[in-house]
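The next block holds one structure in the form of structure tokens; read it before the comments.
As the structure is a prediction and not an experimental result, all values here were calculated from the model. In what follows, every chain begins at residue 1, and chains take the letters A, B, ... in the order their sequences are listed.
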There are 2 protein chains.
Amino acid sequence: MTAYTPGQAAEETGFSLDTLRYYERIGLLEPIERNAAGQRRFSEDDLHWLGMVRCLRDTGMSIAEMLRFAELTREGEHTIRDRIALLAAHDRAVESQIAELRQKQEVIQGKIQYYRDVLAIPDGLYDCQEKHAAPEERRDLQHADG
Amino acid sequence: MTAYTPGQAAEETGFSLDTLRYYERIGLLEPIERNAAGQRRFSEDDLHWLGMVRCLRDTGMSIAEMLRFAELTREGEHTIRDRIALLAAHDRAVESQIAELRQKQEVIQGKIQYYRDVLAIPDGLYDCQEKHAAPEERRDLQHADG
DNA sequence: GCTTGACCTGGAGCCCGCTCCAGGTGCCAC
DNA sequence: GTGGCACCTGGAGCGGGCTCCAGGTCAAGC
């Protein structure tokens, strides 16, 4: 069975050594095996689990919720429905996260376009006070362009 | 000119009173006007700006970067190109945020599907050790279904 | 046999972004 | 005139998620 040193595990997972130790300490990882010298040796399974952790973390799951998932996983087979429920809820959360990002991104792009329009109007044709007005409220400005 | 009490501003923007005061303190808002009693009165402009702040914050911009944007805005007209650059960079950041979320979401959905498949297999046809194996490595299991 | 380097531990510290608190003001309703 | 309420201030505290540190162990290479 392949074993990974902490350094290799860090390399593979992108977590820092400290973070790996921290995750073990709080129980997000079950106790990692040790060699004779007491040094950790991560298994292939540990790395798979860490991959899942990275995925959940990077999609905004809190450590508390990941711990819940870890517990379910440790409890065995009969928690699979609960795990599905947990992941499905998270999946929906990710979905709405994406939707919100898209929507706010449009506002940002609108603002960029607004600034571009301002630059496109020759100096002096508009008063300089932007005053944080929303782009939509300056449509007059954009019309002045034609 | 419409003015908003702190309570109304909080209501409209979704920021807490404390957060509004905090934002003013750190300079993310320029000093808010006061009435005779020294109480804040937010202007329409303040609310517009706060709308932008919410947008940037909710898309993951740090306070430090929002401060940078606020400074540019205060410096006036000649910083518009810089502001475009800043927002365009943020727009790209949002884009890759979304891409990453989508990608990780697929992994999560794959895991959900894996669990569903496990449930679909009648008891006893598989050994119970999941051991955090990635779904792809258990394809044998899924084939066992047919 | 000594250095180097990767690891170990427990515990403190850090950064971010708020959030809460104590003590005070001003105004309105009863 | 006395609640009650919305607000004020400066400053402390907090929760999340790490990150750093001091002091120590072991293994390999020179």
Spacing between Leu29(A) atom CG and dG17(D) atom C1', to the nearest angstrom: 15 Å
Contact check, side chains of Glu71(B) and Thr79(B), non-hydrogen atoms, under 4.5 Å: no
Value in whole Å for how far the C1' atom of dC7(C) lies from CG of Asn35(A): 9 Å
Residue mapping more 5' on DNA chain D - nearest nucleotide basis, Arg40(B) or Tyr23(A): Arg40(B)
Separation of atom CD1 in Ile63(B) from atom C1' in dT19(C), rounded to whole Å: 13 Å
Length of the CG-P vector between Leu17(B) and dC18(C), whole Å: 14 Å
Distance-only side-chain donor-acceptor flag, Gln105(A) / Arg102(A), under 3.5 Å: yes
Heavy atoms from other residues, nucleotides or ligands near CD of Glu11(B) exceed 12 (cutoff 6.0 Å): no
Phe69(B) side chain reached by Thr73(B) side chain, heavy atoms, under 4.5 Å: yes
Gln109(B) CD to Glu95(A) CD distance, which is reported to the nearest 0.5 Å: 7.5 Å
Any Thr5(B) side-chain nitrogen or oxygen under 4.0 Å from OP1 or OP2 of dC7(D): yes
Atom pair distance, as rounded to whole Å: CD1 in Ile26(A) and P in dT9(C): 15 Å
Length of the line joining Leu56(B):CG and dG17(C):C1', which is rounded to integer Å: 16 Å
Rounded interatomic separation in angstrom, taking CZ from Arg41(A) and P from dA6(C): 13 Å
Atom pair distance, as rounded to whole Å: CD in Glu33(B) and C1' in dC7(D): 17 Å
Under 3.5 Å: donor-acceptor pair, side chain of Asp46(A), backbone of Ser43(A): yes
Backbone of Leu47(A) reached by a side-chain donor or acceptor of Glu12(A) within 3.5 Å: no
Under 4.0 Å protein heavy-atom contact, by nucleotide of nucleotides 19-25 of chain D - B base, S sugar-phosphate only: BB-----
Spatial distance of atom CZ (Arg57(A)) from atom CE (Met52(A)) [nearest 0.5 Å]: 14.5 Å
N/O-N/O pairs, protein side and nucleotides 28-30 of chain C side, under 3.5 Å:
none

ILVMFWY cluster membership beyond Ile98(A) - transitive side-chain contacts under 4.5 angstrom: Val94(A), Leu101(A), Val94(B), Ile98(B), Leu101(B)
